[in-house]
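Start at 1 with the first residue, then count along the sequence. Both ligands and their constituent atoms are indexed starting at 1 by order of listing.
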Amino acid sequence: MSGGRVRIYEVGPRDGLQNEARVIATQDKRRFIEALVAAGLREVEATSFVRPDRVPQLADADALLPSLPRVDGLRYPVLVANRAGLDRAAAAGADAIAVFTAATDGFARHNIGMDVAASLAAFAPLLVEAGSRGWWRRGYVSTAFGCPYDGRVLATQPVEVALRLLELGVDEVCFGDTIGVGVPSQVADLTRLALDAGIPVERIAYHFHDTRGTALANVAAALAAGARTFDASTGGTGGCPYAPGAAGNLATEDLVYLLDGEGYEHGVSLDGVLEAARLVSGLLGRSLASKVGQAGGWQPPEAT
Ligand code: MG
């Protein structure tokens, strides 16, 4: 029953924490990331080099990144939005970056202050510079299934943006269900369209939100369509900024449980993730938002 290899891209330290009001100390973030690495995660989006006044929780990026453990095969992508951020990331020892745009102009304008075309023009020199430094590069395409401003999104829209990002040199595009409205048939359609457009499957990642309870169903649809890279946030941190109090990021422990049961190899220990999840929930002072965090894994009893 082996489905092959799946990559789990951990977003807890960046996407999970960025909207948290309680500021977490740098050394506690480091402990959290160390626990993620100990759990076997090898791609951990660590922080964001954006304006500290915009995202106060991640204002310690310059101190955090160089303090993290470096292991062979371990990647700590960081978010950058402009030249100043790229320079800060370089000074802190970054070797992997992510840039953030959208499938829809409405979301891009509200979120990053530019329409999609302008954001691509702004990122182009950053991606060239990062490429010349030999860095790994990811491009996020948010609102891939629905937009809080522009409404329904056709699969052609995120694919179009993904193709532009790939032309600009990204190693991977990540389709994000930013407001958690996508359903499996949309995921199947988008994956098929992306593959038909010539995007290699190993360059496609998905970032699902569980806002309306569809995240794991969407993972299953993406797996069936051939996708093999998924974002997740340990502890299920990172609520939905567009639905106060609602769930956001798919929890890493929920993803790991599904992948284990389905026979996919991913190198991540469920117990290790649960340990990291308990650590982050303690830091945030609240209970875990994930299903498996609540219930635990399952060791079948011996039949009698
Ligand atoms: Mg997210």
Side-chain angles (χ1 to χ4, degrees), residues 7-21 24 29 32-33 36 41 43-48 50 54-55 57-58 76-81 97-104 107-108 110-112 138-149 153 158 161-162 165 172-183 186-187 190 204-219 222 227 229-256 273 276-277 280-281 284 288-291 293:
R7 284 169 54 213
I8 301 178
Y9 182 101
E10 170 69 37
V11 298
R14 198 279 299 172
D15 191 27
L17 294 184
Q18 68 179 7
N19 293 318
E20 291 290 344
I24 308 298
K29 292 177 186 168
F32 176 41
I33 292 172
L36 296 170
L41 288 152
E43 290 177 276
V44 179
E45 199 168 278
T47 187
S48 187
V50 295
R54 293 269 174 84
V55 189
Q57 178 69 266
L58 304 182
Y76 293 119
V78 295
L79 213 62
V80 301
I97 58 163
V99 296
F100 198 93
T101 188
T104 54
F107 187 80
H110 278 86
N111 196 53
I112 53 176
R138 161 184 265 214
Y140 279 103
V141 183
S142 51
T143 59
F145 302 98
C147 173
Y149 308 103
V153 174
V161 178
L165 283 165
E172 176 175 281
V173 291
C174 178
F175 297 115
D177 186 9
T178 312
I179 53 173
V181 293
V183 294
Q186 284 180 288
V187 175
L190 174 53
I204 296 173
Y206 276 110
H207 182 112
F208 292 123
H209 281 187
D210 206 30
T211 316
R212 291 170 180 83
T214 58
L216 281 181
N218 288 338
V219 169
T229 303
F230 299 96
D231 293 8
S233 173
T234 290
T237 56
C240 179
Y242 294 86
N249 292 313
L250 169 62
T252 309
E253 54 271 34
D254 290 351
L255 176 64
V256 167
V273 170
V280 78
S281 78
L284 294 171
L288 291 168
S290 65
K291 302 291 190 192

What orientation do His110 and Tyr149 show, parallel under 30°, tilted 30 to 60°, or perpendicular over 60°?
parallel
Plane angle bin for Phe208 and Tyr206 - parallel if under 30°, tilted between 30 and 60°, otherwise perpendicular
parallel
Taken to the nearest 0.5 Å, the spacing of Ile179 CD1 from Thr211 OG1 works out to 8.0 Å
Are the charged groups of Glu43 and Arg138 less than 4.0 angstrom apart, N to O?
no
Counting no waters, how many protein N/O/S atoms sit under 2.8 Å from the Mg ion (ligand 1)?
4
Closest approach of Asp231 and His207, non-hydrogen atoms and distance?
OD2-ND1, 2.7 Å
For Cys147 and Val153 the tightest heavy-atom approach is N-CG2, 4.0 Å
